[in-house]
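What follows is a single structure, written as structure tokens, with notes after it.
None of the values given here were measured: they were computed from a predicted structure. Throughout, protein chains are lettered first and strands after them, A, B, ... in sequence-line order, and every chain is numbered starting at 1. Values reported hereafter were calculated over all heavy atoms of this structure, with side chains retained and with hydrogens, waters and symmetry mates removed.
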2 protein chains.
Amino acid sequence: MASQAPAIPGFRPLYKQVKQLLLERLIGGFWKPGDLLPSEFQLAAELGVSQGTVRKALDEMTAENMLVRRQGRGTFVAEHDQEHALFHFFKMTDRQGQPLVPESRVLRRSLGTARKEEATRLQIEAEAAVIRITRIRSIAGKPVIFERLTLPHQIFPGLNDGRELPNTLYTLFARDYGITVGKAVEKLRAVPASAEVARHLDLERHHPLLEIDRVALALDGQPVEWRISLCHTEDTAYSVTLA
Amino acid sequence: MASQAPAIPGFRPLYKQVKQLLLERLIGGFWKPGDLLPSEFQLAAELGVSQGTVRKALDEMTAENMLVRRQGRGTFVAEHDQEHALFHFFKMTDRQGQPLVPESRVLRRSLGTARKEEATRLQIEAEAAVIRITRIRSIAGKPVIFERLTLPHQIFPGLNDGRELPNTLYTLFARDYGITVGKAVEKLRAVPASAEVARHLDLERHHPLLEIDRVALALDGQPVEWRISLCHTEDTAYSVTLA
DNA sequence: TAGTGGTCTAGACCACCAC
DNA sequence: TGGTGGTCTAGACCACTAA
């Protein structure tokens, strides 16, 4: 009676299959950020598994920041706005470690074809259409970050029209395109300021800048953004917690 | 029958209390890195809870890299040697993201009393005894990192005697002192090379360096090390994955 | 008050590993 | 072969939330 009822046939553990199925619904946009999922019992009944199995899948997805559980209310699709995005992907702080929120001003925005390195980083075809954005980010009115972004046009159609760009792009990704950034891989270096960047950040040439080279990945692992941020870290720092 | 038997009285969930108890045994050195824990059934019997409750505690601790489960063999105390330490705490890579292992050469090692900032960072009393280490780390024979460390003497007695220091200090912490570094908080900046550092790294003064300011925490959250690493990132980078 | 997730238990079968 | 962790189920009670 308590043995496995193979309601979903296949090799992998039942709860992994449930997780995969739920993940596909998230990626496919069937459920959007902020949506309330059916209860554990409803999902269990629909999929023909026990509540505990559904729970294990939901637990894993919660641990991976894809879902948020609220006792007494239900399980929701994570909204990568404000809080989470802020603390997980925009980690600029002051020297004491207090979080800072830089404002953004777009310098350029254009549509073009992917150069070799852009295509490699974003795992798209060479010459595929891409959107490029250059912007300056300021803290307390003082420009501190010079940033270049490349986005696959296929994933973000219409982003290159006149639309206003919000301060935190990832909220726009989630709201308008149903894309949740779940992971980012970064390479950090120290580099001297070029003439152009020095001018924009009001520095001398060769001033040391923190270069953050980031590829952001959607929940399904697909690269959705490549950005290089050049940060003036005189009064700020980039904070990371390793665990 | 299936209701909670309050074998361990108290407010918090049973499995959290079990976890706390197991954690104390780890911190206290009752179990050391590499040790095999009793089976889930044995622990459950000893503590008067069900196997599932013990399992939930072990699962959480496994997720936090404190334990390692091996199917068919048992549950072991994590050894933060080589692999884990390498990938979680020494993240220097080449420009392509391939991990690099820097070698170390100690320049100075001394015993002293904590300065104000050291006491603050390590959460110890001002003027408490500390061990200071300065070392150069090289990749392929080329010096690339200048590093200053401060350690609380109380936690690492005898570390300032003539003993050889291994390449990766954290393995020494674990092996000789039973201290497992479970977490690290870092602040990253770009700074110009001082005259001294420039000389050691074979650079011009003011060359941009990546400054990594790290406080390492033991499993119980106690700070056990403060280090500032100044990295020459010409052919290397510091890689981080955010999730 | 009804419904949700949170916790706890109990017992079954499986896959893996050492002997 | 026996023991371990891995998975799955079933059912109970609790704490929280909303109406």
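Using a 4.0 Å cut-off between charged side-chain N and carboxylate O, B/Glu64 and B/Lys19 make a salt bridge. Classification of B/Arg69 and B/Glu40 as a salt-bridged pair holds, one side-chain N sitting under 4.0 Å from a carboxylate O. Under a 4.0 Å N-O distance rule, the pair A/Arg25/A/Glu46 qualifies as a salt bridge. Here B/Glu147 does not pair with B/Arg214 in a salt bridge; the nearest charged N to carboxylate O distance is not below 4.0 Å.
Rounded to whole angstrom, the span from the CD atom of B/Gln71 across to the P atom of D/dG2 amounts to 19 Å. C/dG3 atom C1' lies 15 Å from atom CG of A/Leu43, rounded to whole Å. As rounded to whole Å, 21 Å separates atom P of D/dC14 from atom NZ of B/Lys16. Rounded to whole Å, the distance from CZ on A/Phe41 to C1' on C/dG3 is 11 Å. Rounding to whole angstrom units, CD of residue B/Glu40 and P of D/dT7 are separated by 11 Å. Taking atom CZ of B/Arg69 as the reference point, atom C1' of D/dT4 lies 10 Å away to the nearest angstrom. Rounded to an integer number of Å, the gap from NZ of B/Lys56 to P of D/dT7 is 15 Å. Remark: C1' of D/dT4 and CG of B/Leu36 are 9 Å apart, rounded to the nearest angstrom.
Closest-nucleotide positions on DNA chain C for A/Leu58 and B/Gln51 were compared, and the one nearer the 5' end corresponds to A/Leu58. Comparing B/Tyr15 and B/Gly72 by the nucleotide of DNA chain C that holds the closest heavy atom to each, the one mapping nearer the 5' end is B/Tyr15. Between A/Thr53 and B/Gly74, the residue whose closest nucleotide on DNA chain D is further toward the 5' end is B/Gly74.
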Read 5' to 3' with Watson-Crick or G-U pairs under 3.5 Å, [ ] for crossing pairs and | for partners on another strand, DNA chain C gives ||||||||||||||||||.

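Between A/Arg70 and C/dT4 there is no side-chain polar atom (N or O) within less than 4.0 angstrom of OP1 or OP2. Residue B/Ser39 places no side-chain N or O under 4.0 Å from the OP1 or OP2 atom of D/dG3. In this model, the phosphate group of D/dA18 is approached by a side-chain N or O of A/Arg73 to a distance below 4.0 Å at OP1 or OP2. Listed pair A/Ser50 / D/dA10 fails the phosphate criterion, with no side-chain N or O lying under 4.0 Å from OP1 or OP2.
Side-chain atoms of A/Arg55 lie closest to C/dG5 of the nucleotides D/dA10, D/dG6, C/dG5. Closest to the A/Thr75 side chain, of the nucleotides C/dG5, C/dT4, D/dT7, is C/dG5.
When all heavy atoms of A/Arg135 and A/Asn167 are compared, the closest pair comes out as NH1-O, 3.4 Å. Taking both residues in full, the closest heavy atoms of A/Pro157 and A/Tyr177 are given as O-OH, 2.7 Å, listed atom of the first, atom of the second, then distance. Nearest heavy-atom pair, A/Tyr170 versus A/Ala216, reported as atom, atom and distance to 0.1 Å: OH-CB, 3.5 Å.
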